[in-house]
Every structure is written in structure tokens, then in C-alpha cells.
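Below: the structure, in C-alpha cells.
Residues take their numbers from the sequence shown, with the count starting at 1. Counting convention: from 1, in listed order, for ligands and their atoms alike. Being a predicted model, the structure only gives us computed values, none of them experimental.
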Amino acid sequence: MEIWIATGNKGKLEEYKLTLAKFLEIKVYSQSDLPVFSAKPETGTTFLENARIKAKSVKALKADYWVLGEDSGLEVESLNHLPGVHSARYAGPNARDSENVAKLLKMMQIRSGANRQAVFKCMTVVYTPQNEELIFEGVLKGTISPKLAGVMGFGYDPVFVPEGETKTLAELGPAWKIQKSHRALALSQFLAKLKETTVIS
Ligand code: ITT
């Protein structure tokens, strides 16, 4: 099977490719493999709405294939669950990961006190070749470290310490993330469904 991942985020794509590499029957492509593609604005107010916008924009060009779109983000308890759907743009429309992380740490210094609880959420929408919609969700609980640590991964990985761990995701690295992250948890549900329907073995 061919699956098209509707993302322009290289960090996300790398994690999908790493996980799917062991399934020799799955070929992975992304929107950057399309000759012409322009991403639609993420106008949804929920992860699900934005995941649908992304998946549908690639499905419109790859109607007969499997297409996966995903919207994810960080919800910090003491910041009223922000940055949430704004995670990629928290410090501004074209903000770099380092700027988003710096804003997060600053906001938490002002507002969070001792409460550093946070969750990563990943909402995944898959369209089958027959255009059936499948929805999967993954959640990863943890805390926000006051200081950056680690160089692997992307986004908020250098400040997110998963529950039960003492290191950040950027220190734990891709081997940990592809087993246990919010993205991995959503993807494993999709893979279970593919196995159930014998698309893969
Ligand atoms: P696409 O929409 O093209 O997939 P994006 O980066 O804009 O790429 P999102 O809108 O889903 O993706 O925003 C997700 C943001 O949430 C992402 O840019 C990171 O800042 C953060 N994020 C999501 N998953 C993460 C992870 O596993 N590690 C670190 N940060 C993550």
C-alpha cells in the first residue's frame, strides 16, 4: 500500500518513516513529494478539525490512496490548556521552534507557579482508498522542564519530560518517541486496524 502523510513538518515525517520502515508492504510519501501542493490554512478550532483540513487537502490530489493527516500540540494545565492548536505558531505566524519554547517558558514563569503539568495530544485522520474516514487519538502526559535539555526531535521536545521519565523527549530521542509518544499511540491504533483488516501482516 501507498500512504501519503499530509505534513510539511520534517520532524513528524521522520517519526512516521521510522515507525513504518519495518512494514515492507507500506510505501511512505508526504505532501512534499507532490509536484504541486499548497497547504490550506489551519482554520479549525480543534485538533480534529485541523487534522481533517490537512488530510483532505492531500486526499483531493491523491484520491485513490491512503492519506493520513495529523494535528498535534501541547496543552499546559496552568496556561488554560494553551498553546493547544496554536502550538506551531505560539510565538507568531512564522515562529521557529526555539521561539515557541522561549515564549512557553516565559509564560510559565509568569503564570504557572509550581504546576508544570502538560499533555501532548495528537489527533490523526486517515482516509482509506475508498474515502472512509478513520480517527485516532494519542495523548502523552508529562511536565514542562524549566530549562531546555537535549538536541534530538523538534518543537517542544527539549522541555517536555514524559510521566515516569527524568529526561526530556529531546534527550530520550526517536527510539523512545516512536514507541510511546502521542503520535506513536495514535499511529499504533491505525496499524492495529490495518492488521485487523489484513492490509498488512
Ligand atoms: P503540519 O501541519 O504540516 O503537520 P505543523 O508543525 O504545523 O506541521 P501542527 O499544526 O500539528 O504541525 O503543530 C504541531 C506543533 O505542536 C509542532 O509544530 C510542535 O511545535 C508541537 N508538537 C507536536 N508534536 C510534537 C512532538 O512530538 N514534539 C514536540 N513538539 C510537538
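Distances from atom 2 (O) of ligand 1 to the heavy atoms of K10, R183, K12, K54 put K54 nearest. Distances from atom 14 (C) of ligand 1 to the heavy atoms of A88, S72, G155, S87 show the closest one on S72.
Residue K141 comes nearest to F160 through the heavy atom pair C-CZ, 3.7 Å, listed as atom of the first residue, atom of the second, then distance. For the residue pair V125 and A51, the shortest heavy atom distance occurs at CG2-CB, 3.8 Å. Summarising the geometry of S57 relative to F37, their closest heavy-atom pair is OG-CZ, 3.6 Å, with the distance given to 0.1 Å.
With hydrogens left out, the protein atom closest to atom 22 (N) of ligand 1 is F120 CE2, 3.7 Å, a heavy atom. For atom 28 (N) of ligand 1, the nearest non-hydrogen atom of the protein is D157 OD1, 2.6 Å. Of the protein's heavy atoms, N9 CB, 3.4 Å lies nearest to atom 8 (O) of ligand 1. Regarding atom 20 (O) of ligand 1, its nearest protein heavy-atom neighbour is Y156 CE1, 3.2 Å.
The shortest N/O to N/O separation between E15 and ligand 1 does not fall below 3.5 Å. Remark: ligand 1 and H182 share an N or O pair separated by less than 3.5 Å (distance only, no angle test). Annotation: N100 places no N or O atom under 3.5 Å from an N or O atom of ligand 1; distance criterion only. At least one N/O-N/O distance between E42 and ligand 1 falls below 3.5 Å. Considering backbone and side-chain atoms together, R89 places no N or O closer than 3.5 Å to any N or O of ligand 1. The N/O atoms of G8, backbone and side chain alike, include one that comes under 3.5 Å of an N/O atom in ligand 1.
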Practice task
Give the C-alpha distance, both sets of side-chain angles, the deciding distance and a yes or no for side chain to side chain contact (heavy atoms under 4.5 Å, CB included) between S78 and R116.
Solution key: CA-CA 7 Å; S78 57; R116 305 198 69 87; over 6 Å; no

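Counting atoms of ligand 1 from 1 in the listed order, those under 4.0 Å from a heavy atom of G73 are 16 (O). Atoms of ligand 1 lying under 4.0 Å from any heavy atom of T7, numbered from 1 in the order shown and given with element: 1 (P), 3 (O), 4 (O), 8 (O). Heavy-atom proximity to K177, at under 4.0 Å, picks out these atoms of ligand 1: 26 (C), 27 (O), 28 (N). Close contacts between ligand 1 and D71 involve ligand atoms 9 (P), 10 (O), 11 (O) [criterion: under 4.0 Å to a heavy atom].
Of the heavy atoms in F154, both backbone and side-chain atoms come closer than 4.0 Å to ligand 1.
Each of E42, E70, E49 was evaluated against K54; a single residue qualifies, E42, per the salt bridge (Lys or Arg N to Asp or Glu O under 4.0 Å) test.
Salt bridge status for K177 with D157: present, with a side-chain N to carboxylate O gap under 4.0 Å. A salt bridge does not link K17 to E14: none of the charged nitrogens lies less than 4.0 Å from a carboxylate oxygen. Under 4.0 Å is where a charged nitrogen must lie from a carboxylate oxygen, and between E15 and R183 at least one such pair does.
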Review item, side-chain donor-acceptor pairs of residues 189-197, under 3.5 Å, at least two apart:
unit_1: Q189; atom_1: NE2; unit_2: E137; atom_2: O; d: 2.9
unit_1: Q189; atom_1: NE2; unit_2: L185; atom_2: O; d: 3.2
unit_1: T197; atom_1: OG1; unit_2: K193; atom_2: O; d: 2.8
unit_1: T197; atom_1: OG1; unit_2: L194; atom_2: O; d: 3.3

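Ring orientation note: the planes of W4 and Y29 are close to parallel, at an angle under 30° on the 30°/60° scale.
For Y127, there are no ring pair (Phe, Tyr, Trp, His ring centres under 6.0 Å) partners at least two apart in sequence or on another chain.
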